[in-house]
Amino acid sequence: MDFKRFTALCTALTITGAALAPAAGAGEEHHPLAERLREAIVAQNFKDVIDLTPPESGTARAAGQREKYDPSPAELAGKARVLAAQAGKPLHQTPNMDAAIIELNPAGQPESVANVLLSPQYPNGVVVPVEDKSLATDQVRYRWWDDTEWDVNGGKGTRDVLAGRENAPIDFSSPYPASVLKLMVGFGVLRLADQGKIDLDADYAYDPNPVREACGGPSVKRVRQHFDEMITKSQNESTCALIKLIHDLGSWDAVNKSFADLGMPTLMVTGTIPGNGGRWIGSNMSGLDTAKLLLLVNGGLGVLWTTDAGKQVTRNELSASSRRVFQQALADQGHNEMLSTPNWCGRDYPVQGIPQQVPARWIQPDGTVKVGDAVYDRDVRPCNEAAEVTFAHKTGWVDTTGSDAGIVKSFRGKDNRRYVVVVFCNLGTDYVDADRPADPPGVFPVLYTQKYAKLGKAIDDIMKNL
């Protein structure tokens with residue numbers, strides 16, 4: 001079918017509300033993409049990653065729920081020096097990983113879907129059955145993440161994320177999403193803007209009470225600036241401000257309900273402090289629902305999925321202008337260093353991941369990258385010349401989280417692929433490769449095991465060859 005005829009068909013389907021193409025069915029037999037994703041994850045052989053704070057060490061992670069924020073570059077550098085002096089030990093068990101892919105057709109609709117979970121209970125990975133119309137599953141009993149439970153309880157969680165899943169055949173503790181949770185905050189802000197409750201171009205006077213160190217002090221900025229800083233630079237101060245803004249409007253319950261009503265029930269931001277927007281530990285995201293959120297933000301034609309309650313979800317859950325704001329911020333992501341690694345262009349370590357182009361916004365005259373206070377010392381121009389795709393995404397990291405979620409689109413003339421990819425894992429900055437070299441002084445450190453970059457490249461190769 002030529003592109004003009006295809007476009008006409010898409011337009012007709014948009015009018016009728018019909019799905020453009022059936023999503024993949026459940027089970028490996030009908031899920032070659034899921035099986036290839038599972039093989040790619042297992043091939044990374046995570047067992048040789050070094051845990052710098054193993055359970056039996058004197059530096060083991062503290063029990064119970066605690067604050068989790070992305071550290072500043074200075075804090076990361078200081079922590080890196082401390083941890084470098086520790087020998088660490090190889091992982092005592094398989095990490096928890098939730099990886100999801102949605103392949104897109106030219107109209108931005110789902111062509112195939114894959115979701116694979118890895119954990120001590122599923123060391124060879126398990127393919128999650130995904131229902132055709134809803135792009136959802138009821139076959140997973142999701143548990144809240146807890147560092148100590150993972151360390152000493154065989155990776156098993158004890159608190160359910162969703163009620164009524166007690167008999168689900170797959171039991172899985174969802175890794176804390178770290179700064180990928182900012183996608184949920186962004187959706188909430190733009191949803192409220194579409195409802196006329198927030199003006200993106202108005203100043204918001206952030207006046208925290210009490211002041212929280214991770215959130216910063218009082219500030220006055222346009223809402224739009226807070227949004228941009230939250231996504232592109234992962235700025236925690238702006239994130240706290242926007243969380244507080246939603247609290248000021250009394251709208252967090254409505255935002256969380258909208259995720260559930262749209263068929264993304266594992267997405268939620270709970271327990272944050274109304275007076276300052278801090279304490280994010282009550283945030284949860286599954287890979288599959290996060291991929292659906294990005295599918296909506298991407299804005300394909302027609303019905304993207306239909307919820308179990310019969311609601312047909314389209315891109316119009318966000319206005320065209322709101323989607324453009326979201327898409328541009330994701331496209332301007334400065335921290336390209338997990339599934340993709342062009343900020344480290346030309347280094348032997350880490351290896352290249354998804355071959356994405358670094359946004360020009362952050363490139364200095366000498367070709368190096370500076371994102372806020374984060375300084376990268378490599379000339380990224382050679383990698384940009386060789387880049388094959390754009391990657392509009394959001395990364396996240398804390399000591400026990402590595403996460404990346406975004407939309408990949410190839411350049412004209414490159415191997416054609418379009419897909420959403422999400423990876424959540426508990427291997428954060430406390431976990432390193434045995435052969436990891438020291439970071440140069442004054443340079444933003446490598447945050448993750450390079451196995452994430454290898455997985456990103458493997459996923460992109462899979463999508464090239466579908």
Side-chain angles (χ1 to χ4, degrees), residues 35-61 76 79-99 116-127 145 147-156 172-176 178 287 337-341 344 347-354 395-404 421-439 445-462:
E35 178 57 18
R36 294 184 68 182
L37 174 60
R38 187 195 66 79
E39 291 171 352
I41 291 170
V42 173
Q44 302 314 314
N45 194 29
F46 289 103
K47 67 182 180 182
D48 60 8
V49 171
I50 302 299
D51 184 352
L52 295 175
T53 56
E56 66 275 17
S57 74
T59 55
R61 287 166 284 275
L76 280 170
K79 179 178 179 179
R81 286 191 294 271
V82 172
L83 293 182
Q86 299 172 200
K89 292 185 177 181
L91 281 179
H92 67 287
Q93 61 186 2
T94 303
N96 276 41
M97 176 177 285
D98 184 348
V116 174
L117 304 178
L118 184 76
S119 75
Q121 286 71 54
Y122 312 106
N124 293 314
V126 59
V127 172
W145 183 258
D147 291 333
T148 302
E149 288 180 341
W150 186 83
D151 272 334
V152 303
N153 197 37
K156 297 178 181 178
F172 181 74
S173 291
S174 295
Y176 175 69
E337 57 207 14
M338 185 183 156
L339 294 179
S340 64
T341 51
W344 311 121
R347 275 197 189 182
D348 293 331
Y349 180 96
V351 298
Q352 183 185 41
I354 295 172
T395 55
W397 66 86
V398 290
D399 50 359
T400 56
T401 296
S403 55
D404 204 349
V421 59
V422 178
V423 172
F424 294 125
C425 187
N426 68 299
L427 299 185
T429 58
D430 278 358
Y431 303 88
V432 301
D433 297 312
D435 55 352
R436 171 179 170 169
D439 293 295
V446 177
L447 299 170
Y448 314 93
T449 166
Q450 68 173 352
K451 291 179 186 291
Y452 288 137
K454 291 179 179 179
L455 177 59
K457 183 63 166 61
I459 288 171
D460 194 61
D461 286 343
I462 290 170

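What you see is a predicted model; the values in this text were computed from it and never measured.
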- [ ] Flag the pair Ser174 / Trp145 as yes when at least one side-chain heavy-atom distance between them is below 4.5 Å, and no otherwise.
- [x] no
Task: Check: Lys451 and Leu427 side chains under 4.5 Å, non-hydrogen atoms - done: no
TODO: Report yes if the side chains of Lys457 and Val351 come closer than 4.5 Å at any heavy-atom pair, otherwise no.
DONE: no
Task: Nearest non-hydrogen partners of Tyr448 and Glu337, listed with the distance - done: CD1-O, 3.3 Å
Task: Neighbour count above 12 (heavy atom, 6.0 Å) for Asn45 CG - done: yes
Task: From CA spacing to verdict: side chain to side chain donor-acceptor pair (under 3.5 Å), Asp433, Tyr349 - done: CA-CA 10 Å; Asp433 297 312; Tyr349 180 96; 2.6 Å; yes
TODO: Could you tell me how the ring of Tyr452 sits relative to the ring of Phe46: parallel (under 30°), tilted (30 to 60°) or perpendicular (over 60°)?
DONE: tilted
TODO: Mind checking the CG-OG1 spacing from Leu447 to Thr429? Nearest 0.5 Å is all I need.
DONE: 7.0 Å
Open item on the list: For Pro175, is there any backbone N or O sitting under 3.5 Å from a side-chain donor or acceptor partner on Asn96?
Closed with: no
- [ ] Considering non-hydrogen atoms only, spot the tightest contact between Lys47 and Pro90 and give its length.
- [x] O-CB, 3.8 Å
Open item on the list: When you compare the side chain of Val116 with that of Tyr122, does any pair of heavy atoms fall below 4.5 Å?
Closed with: no
Task: Straight-line distance of Ser340 OG to Asp404 CG, nearest 0.5 Å - done: 6.0 Å
- [ ] Identify the heavy atoms of Val42 and Asn124 that sit nearest to each other, and give their distance.
- [x] CG2-O, 3.3 Å
Task: Backbone N/O of Thr53 and side chain of Asp430: donor-acceptor pair under 3.5 Å - done: no
Open item on the list: Testing the basics here: between Ile41 and Ala99, what is the closest heavy-atom pair and its distance to 0.1 Å?
Closed with: CD1-CB, 3.7 Å
Open item on the list: Quick one, Trp150 and Thr400 - any side-chain contact, counting heavy atoms below 4.5 Å?
Closed with: no
Open item on the list: Please check this pair: side chain of Gln44 against backbone of Ala40, looking for a donor-acceptor N/O pair closer than 3.5 Å.
Closed with: yes
Task: Heavy-atom closest pair, residues Thr341 and Pro350 - done: CG2-CG, 4.1 Å
Open item on the list: Given 3.5 Å as the limit, does a donor-acceptor pair link the side chain of Asp48 with the main chain of Ala434, or not?
Closed with: no
Task: Sidechain-backbone polar pair: Asp439 side chain, Val446 backbone, donor-acceptor under 3.5 Å - done: yes
Open item on the list: Just so I know, are the side chains of Ile354 and Ile459 near enough to count as touching, which here means a heavy-atom distance under 4.5 Å?
Closed with: no
Open item on the list: I'd like to know if Arg36 and Glu39 make a salt bridge, using a cut-off of under 4.0 Å between side-chain N and carboxylate O.
Closed with: no
Task: Any donor-acceptor N/O pair, Glu35 side chain to Val127 backbone, under 3.5 Å - done: no
Task: Check: Ser119 side chain, Phe172 main-chain N or O, donor-acceptor pair, under 3.5 Å - done: no
- [ ] Taking Asp151 for its side chain and Pro55 for its backbone only, find out whether a donor-acceptor pair lies under 3.5 Å.
- [x] no
Task: Value rounded to 0.5 Å, distance of CG in Asp98 from OG in Ser173 - done: 11.5 Å
Open item on the list: Looking at every heavy atom in both Asn426 and Tyr431, which two are closest together, and how far apart are they?
Closed with: O-CE1, 3.3 Å
TODO: Using modelled atom types only, decide if a donor and an acceptor are shared between the side chain of Asn153 and the backbone of Gly155 within a distance under 3.5 Å.
DONE: no
Task: Side-chain donor or acceptor of Arg436 paired with backbone N/O of Thr449 under 3.5 Å - done: no
